[in-house]
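This report concerns only the one structure given below.
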Amino acid sequence: MPAVSGLSTRLKLWGVRGSIPVPGPGTVRYGGNTACVEVRTDGEIIVLDAGSGIRELGLALEAEFGSRPINLSLLITHVHWDHIQGFPFFAPSYGDKNQIRIFGYNGTDAGLEQILTGQMATPFFPVALYDLPGKIQFENLKVMDFQIGKVRVRAKLLNHPGVCVGYRILSSGGSIAYLPDNEPYDAFKLHSPKSEQFSPVETKRRAQEDRAELVKFLQGSDVLILDTQYTDEEYQTHVGWGHGSLSMAVSLARDAAVRKLILFHHDPTHDDEMIDQMVKTAQQLAAKSESHLEVEGAREGAEMTLG
Ligand SMILES: [Zn+2]
Ligand SMILES: [Zn+2]
């Protein structure tokens, strides 16, 4: 993706799958790599998550920049493996001219830096993170609203096991919300350390409040990249697994007056035909809701321009 000029905001999907990479004949069209999205806006390169898709992004950046330095910001939503497993294979980390700032929040038991270092420690990987020649800097976030250059980034805790955030990127060219892993609040299942102490009435009240806050957070996004791992039928047997379903994704996007919904974090068991069917169902639901919501399925390699 060439460098951004003027006020356009561009994004490219490098990995769209949840849980584990699933290459093979059944996933050729939508792709088998795990979560990674590239955003170019206001002179910045912002990468969302470091699933296996980040490997291809790294090769593309090397080809584009040649001997020029690469300077980018990597925003991690959470440290489940499908969101960090590609980082050891990210070529720009191996170039001493490059600068990579890694943003994220500490988990409940261990810090972001400790976990990313841990996945490259002996015996899991031959090169330690601190031996990588690239200038890697951790930005351990404590605030939910910060700047990357001229770009404003807001974060919000999501309903997913462990500590997991969603990001909203607000730039001069428009806004993108990225919520790769999130269970809808509609089932009143809360992934919070204290939630077991709540009565059913209290749980329902908190879930409704949390949903209203999420709608506010997403309000008016140009693009919403959202966890839609399951069909509505599949979700019935996966309540509490931390992922979303079709009709709840469409209703969230509609309530937040989102312009375009991108169905993301495809289940590893779903082949291209299954995802086609899910996209069609979601488009029908959006049309029935009489909103102007556009819906498409996240496809590895897809690019779009905002504004
Ligand atoms: Zn995930
Ligand atoms: Zn996860």
Side-chain angles (χ1 to χ4, degrees), residues 1-18 20-24 27-77 81-104 116 119-120 125 127 129 132-137 148-149 151 153 167 169 171 173-174 176 178 180 223 225 262 264-266 296-307:
M1 191 160 64
V4 156
S5 59
L7 294 178
S8 69
T9 293
R10 282 187 263 177
L11 69 102
K12 181 163 182 177
L13 308 177
W14 292 93
V16 298
R17 193 65 57 171
I20 190 163
V22 282
T27 60
V28 165
R29 281 191 292 114
Y30 286 98
N33 279 305
T34 53
C36 181
V37 174
E38 177 192 9
V39 178
R40 300 267 184 121
T41 187
D42 290 332
E44 301 292 332
I45 303 175
I46 298 175
V47 181
L48 296 158
D49 280 335
S52 66
I54 203 171
R55 193 188 77 88
E56 283 287 333
L57 165 62
L59 298 177
L61 287 169
E62 296 265 282
E64 178 187 337
F65 281 78
S67 58
R68 289 180 296 136
I70 302 166
N71 192 340
L72 62 87
S73 303
L74 168 60
L75 270 58
I76 302 286
T77 57
W81 204 26
D82 49 328
H83 299 260
I84 61 167
Q85 66 195 163
F87 188 74
F89 302 92
F90 186 47
S93 315
Y94 293 79
D96 59 9
K97 63 184 178 16
N98 302 328
Q99 183 154 15
I100 299 165
R101 291 206 294 162
I102 306 179
F103 294 77
L116 286 186
Q119 77 162 347
M120 295 178 73
F125 200 71
V127 186
L129 190 138
L132 291 171
K135 297 175 198 81
I136 297 169
Q137 188 186 332
I148 295 177
V151 183
V153 182
Y167 290 108
I169 295 173
S171 70
I176 297 163
Y178 176 68
V223 173
I225 300 169
I262 299 181
F264 194 78
H265 208 272
H266 304 309
E296 63 183 73
R299 188 177 52 75
E300 202 173 300
E303 287 183 59
M304 52 204 87
T305 306
L306 270 66

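Scope of the values below: all heavy atoms of this structure, side chains included, with no hydrogens, waters or symmetry mates. Since we're looking at a predicted model, the values are computed, not measured.
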Any salt bridge between K12 and E38, counting N to O under 4.0 Å? no
So, are E64 and R40 salt-bridged, with charged N and O less than 4.0 Å apart? yes
Sole residue of V151, L11, I148 in side-chain contact (heavy atoms from CB on, under 4.5 Å) with T41: V151
Side chain proximity check, [X] to [Y], heavy atoms < 4.5 angstrom:
X	Y	value
M304	I262	yes
L74	F87	yes
P69	Q99	no
I45	F65	yes

What's the shortest heavy-atom distance between [X] and [Y], and which atoms?
X	Y	answer
G58	P92	CA-CD, 3.5 Å
Y94	F90	CD1-O, 3.6 Å
C36	G53	CB-C, 3.9 Å
R55	F89	CG-O, 3.4 Å
G66	K97	O-CE, 3.5 Å
L116	L129	O-CD1, 3.8 Å

Could you measure the distance from the [atom1] atom of [X] to the [atom2] atom of [Y]? Nearest 0.5 Å is fine.
X	Y	atom1	atom2	answer
T34	W14	OG1	CH2	14.5 Å
D49	I84	CG	CD1	9.5 Å
I225	L13	CD1	CG	5.5 Å
I54	H83	CD1	NE2	12.5 Å
I102	L75	CD1	CG	10.5 Å
I70	L61	CD1	CG	5.0 Å

Run the numbers on S93 and I136 for side-chain contact (heavy atoms from CB on, under 4.5 Å), then give the verdict. CA-CA 7 Å; S93 315; I136 297 169; 4.2 Å; yes
Check the pair L132, M120 against side-chain contact (heavy atoms from CB on, under 4.5 Å), reporting the backbone distance first and the verdict last. CA-CA 11 Å; L132 291 171; M120 295 178 73; 3.9 Å; yes
Does the gap between the ring centers of Y178 and F264 come in under 6.0 Å? yes
Tell me whether Y30 contacts the main-chain N or O of R17 through its side chain, where contact means a donor paired with an acceptor under 3.5 Å. no
Give a yes or no answer on whether the side chain of D82 reaches the backbone of A35 with a donor-acceptor pair at less than 3.5 Å.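 Pair absent, no side-chain N/O of D82 close to backbone of A35.
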Please report the C-alpha distance between E303 and R10 in whole Å, then the side-chain angles of each, then the deciding distance to 0.1 Å, and finally whether the side-chain contact (heavy atoms from CB on, under 4.5 Å) criterion is met. CA-CA 7 Å; E303 287 183 59; R10 282 187 263 177; 5.5 Å; no
Among residues at least two apart in sequence or on other chains, which ones pass salt bridge (Lys or Arg N to Asp or Glu O under 4.0 Å) with E296?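 Once residues adjacent in sequence are excluded, the partners of E296 under the salt bridge (Lys or Arg N to Asp or Glu O under 4.0 Å) criterion are K260.
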List for me each residue that meets salt bridge (Lys or Arg N to Asp or Glu O under 4.0 Å) alongside R29, sequence neighbours excluded, and say none if there are none. E273, D276
Any chance you could lay out the side-chain contact (heavy atoms from CB on, under 4.5 Å) test for I46 and F103, step after step, and finish with the verdict? CA-CA 10 Å; I46 298 175; F103 294 77; over 6 Å; no
Assess, by modelled atom type and distance only, whether the side chains of S171 and T9 contain a donor and an acceptor separated by less than 3.5 Å. yes
Does the side chain of E44 come under 3.5 Å of the side chain of S73 through a donor N or O and an acceptor N or O? no
Does N33 have any side-chain contact (heavy atoms from CB on, under 4.5 Å) partners at least two apart in sequence or in another chain, and if so, which?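 Scan of N33 (side-chain contact (heavy atoms from CB on, under 4.5 Å), adjacent residues dropped) gives S52, E300.
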